[in-house]
Amino acid sequence: MNSAAFSQNRLLAMLSEAEFARLSPHLELACHAQGDVLYQCGGQLTHIYFPTTSIVSIQYELEDGGASEIASVGNEGLLGVSLFMGGATMPNRAVVHSAGHGYRLRADRLLDEFHHKGPLFDRLLRYTQALMTQMSQTAVCNSHHSTTQRLCRWLLQTLDHSNTSELVVTQEALGAILGVRREGITEAARRLQEQGLISCRRGRIRVLTRTGLEGQVCECYEVIRKETARLMASPSQQVLPPREWRQRTDAANRRTGPGERRNRTAPDQDGTTMGDAQAILVFPT
């Protein structure tokens, strides 16, 4: 296995030569199908996962069988941070919501490398802080922002975490990810389509303009993006400059009911622009 194979995962791409020599013989390429459960709540962590083209949803499962996403992990990070934070089990489950590939590493191998306290030690702690930021901001978002805003956040995060422009996900799964009913997802997608930000046809949702979604998304996405960029930048990299953030009025951010928080005065956003990232969500019938 050569170093180029690692470059699809940002953490692995930053390994030093010594770390690469120690870990590369033990990294196994794994295929992740949609719906695969990589670990269950309370299960023993035997492997750590580094997604490359797959995206994994970290979910908390309720006693009644319901579940809600608390974070997602793609090619920027890893699954299983509790291992090197002192725990051998996880209080949640990890489910693949976008099929693809990744690498897995035996838990004891990662712990050995972690205890070397080399460059990877610092990066793992920084990634853990970035993941905690995502979890806490997701909790805030789910409590205070509309389904439409949360869908925009999820779409933008998915674009950030993935090397692909096409996703396959059921409306039920997306509802579970965002913690809303399927009807709420349908309504949110309809609103974005009416504004020209996405197109929906025959069960497909295509993002037409990323900048348009950024104009509709709540501030939670920018908080997560900026903090992740700051924490995960290598010493030789310059942290991404902050984007200009449009301040919303109190009325636009305030919860106006259990269904939606509306901002009907928001101006229309730009159409598709050159270089805009696109994504397709395919809702199987």
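Being a predicted model, the structure only gives us computed values, none of them experimental.
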Open item on the list: Atom CD of residue position E17 - does it have more than 12 heavy atoms of other residues, nucleotides or ligands inside 6.0 Å?
Closed with: no
TODO: Identify whether the distance between the nearest side-chain nitrogen and carboxylate oxygen of R210 and D160 falls below 4.0 Å.
DONE: yes
Task: Gap between atom CE of M14 and atom CG of D122 - 0.5 Å precision - done: 9.0 Å
Open item on the list: Within the 4.5 Å heavy-atom criterion, are V95 and D36 side-chain neighbours or not?
Closed with: no
Task: Atom pair CG/NZ of L231 and K226 - distance to nearest 0.5 Å - done: 12.5 Å
TODO: Could you go through the side chain to side chain contact (heavy atoms under 4.5 Å, CB included) check for Q137 and V223 one step at a time?
DONE: CA-CA 8 Å; Q137 203 65 40; V223 171; 3.4 Å; yes
TODO: Work out which heavy atom in A13 is nearest to a heavy atom in S7; give both atom names and the distance.
DONE: CB-CA, 3.8 Å
Task: Between CZ on residue F121 and NE2 on residue H116, distance to nearest 0.5 Å - done: 13.0 Å
Open item on the list: Testing the 3.5 Å rule here: is there a donor-acceptor pair between the side chains of T209 and T211?
Closed with: yes
- [ ] Verify the cluster assignment for V56 and V37: are they in a single hydrophobic cluster under the rule of side-chain heavy atoms below 4.5 Å apart?
- [x] no
Open item on the list: So does M85 get a backbone contact from the side chain of S82, meaning a donor-acceptor N/O pair under 3.5 Å?
Closed with: no
TODO: Please list, chain by chain and in numerical order, all residues satisfying side chain to side chain contact (heavy atoms under 4.5 Å, CB included) with A139, sequence neighbours excluded.
DONE: none
Open item on the list: Could you check whether R104 pairs with E28 (Lys NZ or Arg NE/NH1/NH2 to Asp/Glu carboxylate O, under 4.0 Å)?
Closed with: yes
Task: Check: T158 and S98 side chains under 4.5 Å, non-hydrogen atoms - done: no
Task: same_hphob_cluster(L111, L12) at 4.5 Å side-chain heavy-atom cutoff - done: yes
Return a table of donor-acceptor pairs under 3.5 angstrom between the side chains of residues 66-73 and protein atoms on other chains or two or more places apart.
residue : atom : partner : partner atom : Å
E69     : OE1  : S57     : OG           : 2.7
S72     : OG   : Q134    : OE1          : 3.4
S72     : OG   : H161    : ND1          : 3.3

TODO: Is it possible for you to say whether I224 and M135 belong to one hydrophobic cluster, with membership spreading through side-chain heavy-atom contacts below 4.5 Å?
DONE: no
Open item on the list: Taking the side chain as everything from C-beta on, heavy atoms only, tell me whether Q129 gets closer than 4.5 Å to E227.
Closed with: yes
Open item on the list: Measuring from atom CZ of R109 to atom CD1 of I48, what distance do you get when rounded to the nearest 0.5 angstrom?
Closed with: 14.0 Å
Open item on the list: Assigning hydrophobic clusters by single linkage (Ile, Leu, Val, Met, Phe, Trp, Tyr; side-chain heavy-atom cutoff under 4.5 Å), is Y127 placed with M132?
Closed with: no
TODO: Would you mind checking if R22 and E19 are paired as a salt bridge, meaning a charged N to carboxylate O distance below 4.0 Å?
DONE: no
Open item on the list: Please report the interatomic distance CG(L105) to CG(D112), rounded to the nearest 0.5 Å.
Closed with: 9.5 Å
Open item on the list: Is any side-chain heavy atom of Q216 closer than 4.5 Å to one of R153?
Closed with: no
Task: Over 12 non-hydrogen atoms of neighbours within 6.0 angstrom of OH in Y60 - done: no
Task: Trace of the side chain to side chain contact (heavy atoms under 4.5 Å, CB included) decision for W154 with L178 - done: CA-CA 8 Å; W154 185 85; L178 298 180; 3.9 Å; yes
Open item on the list: Side chains of L125 and F114, heavy atoms from C-beta outward: is any pair under 4.5 Å?
Closed with: yes
Task: Derivation of the side chain to side chain contact (heavy atoms under 4.5 Å, CB included) call for V81 and L131 - done: CA-CA 9 Å; V81 297; L131 189 63; 4.0 Å; yes
Open item on the list: Under the criterion side chain to side chain contact (heavy atoms under 4.5 Å, CB included), I'd like the reasoning laid out for F50 against L27: C-alpha separation, chi angles, the key distance, then a yes or no.
Closed with: CA-CA 9 Å; F50 297 87; L27 282 163; 4.2 Å; yes
Open item on the list: I'd like to check N92 versus E61 (side-chain heavy atoms, cut-off strictly below 4.5 Å). Are they in contact?
Closed with: no
Task: T52 side chain to Q8 backbone, donor-acceptor under 3.5 Å - done: no
Open item on the list: Side chains of Q59 and R93: any donor to acceptor distance under 3.5 Å?
Closed with: yes
Open item on the list: Restricting to ring-ring contact (aromatic ring centres under 6.0 Å, His included), what partner residues turn up for Y49, sequence neighbours left out?
Closed with: H32
Open item on the list: Nearest 0.5 angstrom please: Q34 CD to S54 OG, how far?
Closed with: 11.5 Å
TODO: Quick one: closest heavy-atom pair of P51 and G77, and the distance?
DONE: CD-O, 3.6 Å
Open item on the list: Under 4.5 Å between side-chain heavy atoms, counting indirect links through other Ile/Leu/Val/Met/Phe/Trp/Tyr residues: same cluster for L29 and L78 or not?
Closed with: yes
TODO: Using modelled atom types only, decide if a donor and an acceptor are shared between the side chain of E113 and the backbone of L110 within a distance under 3.5 Å.
DONE: no
Task: Minimum heavy-atom distance A189-I198, with the two atoms named - done: O-CD1, 3.4 Å
Open item on the list: Is the shortest side-chain heavy-atom distance between T133 and T228 below 4.5 Å?
Closed with: no
Task: Enclosure of R181 CZ (heavy-atom neighbours >12, cutoff 6.0 Å) - done: no
TODO: Taking all heavy atoms of F20 and all of P25, pick out the closest pair and write down the distance.
DONE: O-CD, 4.3 Å
Open item on the list: Ignoring hydrogens, what is the shortest heavy-atom contact between H145 and R150? Give both atom names and the distance.
Closed with: O-CD, 3.2 Å
TODO: Before accepting this row, confirm whether a basic side-chain N of the pair R191/E187 lies closer than 4.0 Å to the acidic partner's carboxylate O.
DONE: yes
Task: Least distance between heavy atoms, L45 atom then A107 atom - done: O-CB, 3.7 Å
Task: I55 and N75, any side-chain heavy atoms less than 4.5 Å apart - done: no
